[in-house]
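Note that the structure is predicted; figures quoted are calculated from it, not measured. Proteins get letters first, then strands, A, B, ... in listed order; numbering begins at 1 in each.
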Protein chains: 2
Amino acid sequence: MALPEFKIAQLRHFVWVAELKGFHTAAEKACRTQPAISLSIRDLENKLSTVLFEKRNAKTSNTELTPFGRYFLPKAKELIAHHDNVAQDMALMSEHKTGHLRLASVPSIACRMLPELLSKFIADVPELHISFYDDNSEAVLRKVEKQQVDIGIASLPHGHEHADITFTPIWEDQLGVVCREDHPFAEVTELHWKELRKQRLIRNGTSRLLEDTEAEPLLSDSQFLISNMLSLIAMLEEGLGITTLPWFAFPKNNSKLRFIPLTTPKIVRHIGIVQLKNKSLSPAAEALANFILKNTNQDKTKDLES
Amino acid sequence: MALPEFKIAQLRHFVWVAELKGFHTAAEKACRTQPAISLSIRDLENKLSTVLFEKRNAKTSNTELTPFGRYFLPKAKELIAHHDNVAQDMALMSEHKTGHLRLASVPSIACRMLPELLSKFIADVPELHISFYDDNSEAVLRKVEKQQVDIGIASLPHGHEHADITFTPIWEDQLGVVCREDHPFAEVTELHWKELRKQRLIRNGTSRLLEDTEAEPLLSDSQFLISNMLSLIAMLEEGLGITTLPWFAFPKNNSKLRFIPLTTPKIVRHIGIVQLKNKSLSPAAEALANFILKNTNQDKTKDLES
DNA sequence: TCTATTGATAAGGATTCCTTATGGCACTAC
DNA sequence: GTAGTGCCATAAGGAATCCTTATCAATAGA
């Protein structure tokens with residue numbers, strides 16, 4: 001005979017009848033009527049082709065298990081418990097209350113936007129584990145492609161049409177010139193690229209944003225390249241020269257340096273969420289993506305103006 | 001939201017779709033049509049409020065799990081395995097292929113009938129564990145009452161109307177006189193109790209069967225009491241005297257001793273199966289009881305005649 | 001003996017499940 | 001590009017299951 005297939009509800013009924021010693025009380029607990037429980041138990045007994053409870057209808061007022069029923073009871077309870085564990089776990093998972101979220105971001109966003117965003121996001125999900133990596137856009141994209149992270153925050157390089165990646169723009173990051181507060185530029189509100197040619201310009205990791213723009217000649221003018229951001233800031237504070245940076249990469253609350261938007265050409269990099277095309281996100285990753293979208297739409301302009 | 005309740009079939013469908021990478025093949029395996037699987041999976045996805053498979057209908061021809069689905073898969077498999085284990089175990093149990101059978105019997109039946117019966121009974125159930133105890137009828141009854149055994153084989157003493165015990169008679173065991181082959185009685189075919197008064201009569205554990213019969217005076221006539229059966233037999237073989245024994249207690253294949261039925265009075269003890277009233281037996285115990293009933297009905301008379 | 005309680009049973013409606021039939025989409029072959 | 005094929009989704013109707021109300025049978029207690 002083929003193995004029977006139990007229903008969880010059915011097992012629950014059995015356990016309740018056994019433990020509450022009665023069909024009526026069990027029915028109440030199950031939010032069913034008594035005949036429903038009778039039928040449920042009988043169905044179970046048929047599946048097992050054995051009786052689970054002593055002669056009902058007999059003199060003994062309260063129902064008792066047969067030896068077979070006693071043997072079955074703990075197994076039924078274990079099976080129910082196992083089921084409920086899985087159900088609970090999956091429910092938490094799908095409400096992104098638990099699980100593992102792997103995230104990679106470019107440093108500028110990581111420093112300027114994510115601290116506040118993430119602290120808000122994780123506020124009500126203490127069981128969610130988050131792994132965070134920061135790196136430049138290419139590396140972030142690579143991590144997403146290799147599925148080393150669930151989701152990335154980066155800008156999409158021109159060449160990057162890898163097709164199996166989806167980009168959702170979130171922030172617009174405008175390029176500007178950074179100089180010391182006592183530099184002549186510090187007082188102006190906008191700059192043309194040609195004004196920079198007379199300056200000692202330090203290139204940095206973000207300078208490739210000038211490529212393919214009319215300001216490209218600046219790249220070859222430049223004598224210095226400093227890729228480490230902390231060193232770069234120290235050099236600028238020392239007055240060694242000026243540099244170009246996207247606004248988000250410009251250190252917040254720095255009193256010695258000034259940021260002046262470059263208006264001609266106006267160079268903007270779009271930073272957003274990167275994920276694999278045609279792959280769904282884990283519930284936690286999806287929740288984070290939505291959270292970022294919702295909590296930044298209004299900030300986008302405000303941040304650039306400040 | 002209330003926890004969802006999975007159906008085992010549903011989980012199976014999920015696992016099959018995931019492992020066979022397709023709804024069609026899974027449907028085939030499930031002996032269902034493809035739409036049935038679609039609906040089943042969709043129902044599961046609704047319960048989890050998350051998608052389990054990547055965009056079906058898309059270019060990729062073979063179905064792939066989402067991260068969430070990948071997380072769910074092993075848990076679903078475990079749950080199914082657990083269920084099947086329990087189902088299998090219960091099925092074996094209800095076919096009395098496994099489990100633990102505790103049996104108590106009076107020694108006479110244990111020696112004369114049970115060896116053959118039990119060896120036949122266990123022939124096709126190698127996984128069934130049997131615990132066997134032998135003791136006199138009172139002790140067997142007590143074990144049954146205390147639920148130390150599932151089933152007992154004994155005779156019902158007169159006083160024993162304990163009401164919560166059911167007795168199913170199986171064997172009729174006639175009392176007789178046992179003497180050495182060279183004793184004058186050895187040649188007769190029946191005896192009257194008064195003929196015993198001139199003999200040296202040894203009482204034994206079964207002598208209480210004479211109580212409440214017209215042969216009761218014999219008990220006080222008797223000089224010896226030997227309760228141990230092996231000693232008793234040795235004494236009889238030595239020609240120390242004669243005794244009364246039920247037929248089943250008379251050692252089989254003993255060439256030195258003879259058994260002569262006592263005809264006046266004819267004393268018969270009924271031996272049968274003892275179990276608790278209003279309690280069901282475990283499947284194995286029930287199977288054994290039925291087995292004994294079926295395999296002894298025809299032997300009953302034959303054995304007494306032999 | 002009458003009543004209250006417990007579980008079994010019958011019959012009907014509600015729900016769920018599964019089937020056949022069909023539709024949409026992407027890929028493949030000409 | 002157009003037809004064909006393979007995949008899954010969807011729709012609608014019938015079948016099976018589940019659950020309910022109403023009632024019955026047996027027991028225990030008054």
Side-chain angles (χ1 to χ4, degrees), chain A residues 2 4-48 50-66 69 163-164 277-280, chain B residues 2 4-48 50-66 69 163-164 277-280:
Chain A
E5 197 143 287
F6 305 126
K7 266 160 265 170
I8 301 296
Q10 197 167 40
L11 297 178
R12 260 188 246 279
H13 295 166
F14 165 64
V15 171
W16 285 334
V17 173
E19 297 199 327
L20 302 173
K21 298 192 182 310
F23 284 60
H24 282 275
T25 42
E28 199 174 340
K29 180 143 193 167
C31 300
R32 291 284 122 81
T33 56
Q34 168 263 315
I37 305 301
S38 279
L39 294 176
S40 183
I41 297 294
R42 169 188 317 208
D43 181 47
L44 191 54
E45 288 178 332
N46 287 341
K47 282 176 180 166
L48 296 165
T50 312
V51 185
L52 288 168
F53 292 97
E54 291 299 350
K55 284 207 187 76
R56 313 50 127 41
N57 209 6
K59 57 189 172 204
T60 71
S61 64
N62 54 356
T63 331
E64 285 229 1
L65 285 170
T66 60
D164 48 355
K277 192 178 279 180
N278 288 328
K279 296 268 182 188
S280 355
Chain B
E5 198 143 286
F6 306 127
K7 266 160 266 172
I8 301 296
Q10 196 169 42
L11 296 178
R12 260 188 245 280
H13 295 165
F14 165 63
V15 171
W16 285 334
V17 173
E19 296 198 327
L20 302 173
K21 298 194 184 307
F23 284 59
H24 280 277
T25 42
E28 199 174 339
K29 178 142 196 171
C31 300
R32 291 284 121 81
T33 56
Q34 168 264 315
I37 305 300
S38 279
L39 293 176
S40 184
I41 298 293
R42 173 197 305 223
D43 181 47
L44 191 55
E45 288 179 332
N46 286 342
K47 282 177 180 166
L48 296 166
T50 312
V51 185
L52 288 168
F53 293 97
E54 290 298 350
K55 284 207 189 75
R56 315 48 129 42
N57 208 7
K59 57 190 167 203
T60 72
S61 64
N62 55 355
T63 328
E64 285 231 359
L65 285 169
T66 60
D164 48 355
K277 192 177 279 181
N278 289 327
K279 295 268 181 188
S280 354

In whole angstrom, what separates B:Phe23's CZ from C:dC18's C1'?
16 Å

Can you tell me the distance, in whole Å, between the NE2 atom of B:His13 and the P atom of C:dT16?
17 Å

Side-chain N,O (B:Thr63) to OP1/OP2 (D:dC7) below 4.0 Å
no

B:Lys21 NZ to D:dG6 P, straight-line distance once rounded to whole Å
21 Å

Hey, are B:Lys47 and B:Glu5 close enough for a salt bridge, meaning a charged N less than 4.0 Å from a carboxylate O?
no

Are OP1 or OP2 of D:dC8 and a side-chain N or O of B:Ser38 less than 4.0 angstrom apart?
no

Whole angstroms only, please: what is the NE2-P distance between B:His24 and D:dC7?
6 Å

Step through it carefully: locate the ring centre of A:Phe6, locate the ring centre of A:Phe14, and say whether they are under 6.0 Å apart.
no

In whole angstroms, the gap separating P of C:dG7 from CD of A:Glu45 amounts to 13 Å

Distance, rounded to the nearest Å, where B:Leu52 contributes CG and D:dA9 contributes P:
12 Å

Would you compute the distance between atom CD of B:Glu64 and atom CD of B:Glu54 and round it to the nearest 0.5 angstrom?
7.5 Å

Select from B:Asp43 and B:Gln34 the residue whose nearest nucleotide in DNA chain C is closer to the 5' end of that strand.
B:Asp43

Strictly below 4.0 Å: does B:Thr33 bring a side-chain N or O up to OP1 or OP2 of C:dC18?
no

Closest-nucleotide mapping onto DNA chain C: is B:Arg32 or A:Pro35 further toward the 5' terminus? I mean the 5' end.
A:Pro35

To the closest 0.5 Å, what do you measure between CD1 (B:Ile37) and CD1 (B:Ile41)?
7.0 Å

Give the rounded distance in Å between these two atoms: CD of A:Glu28 and C1' of C:dG7.
16 Å

Can you measure B:Ile37 atom CD1 to C:dT20 atom P for me and round it to whole angstrom units?
13 Å

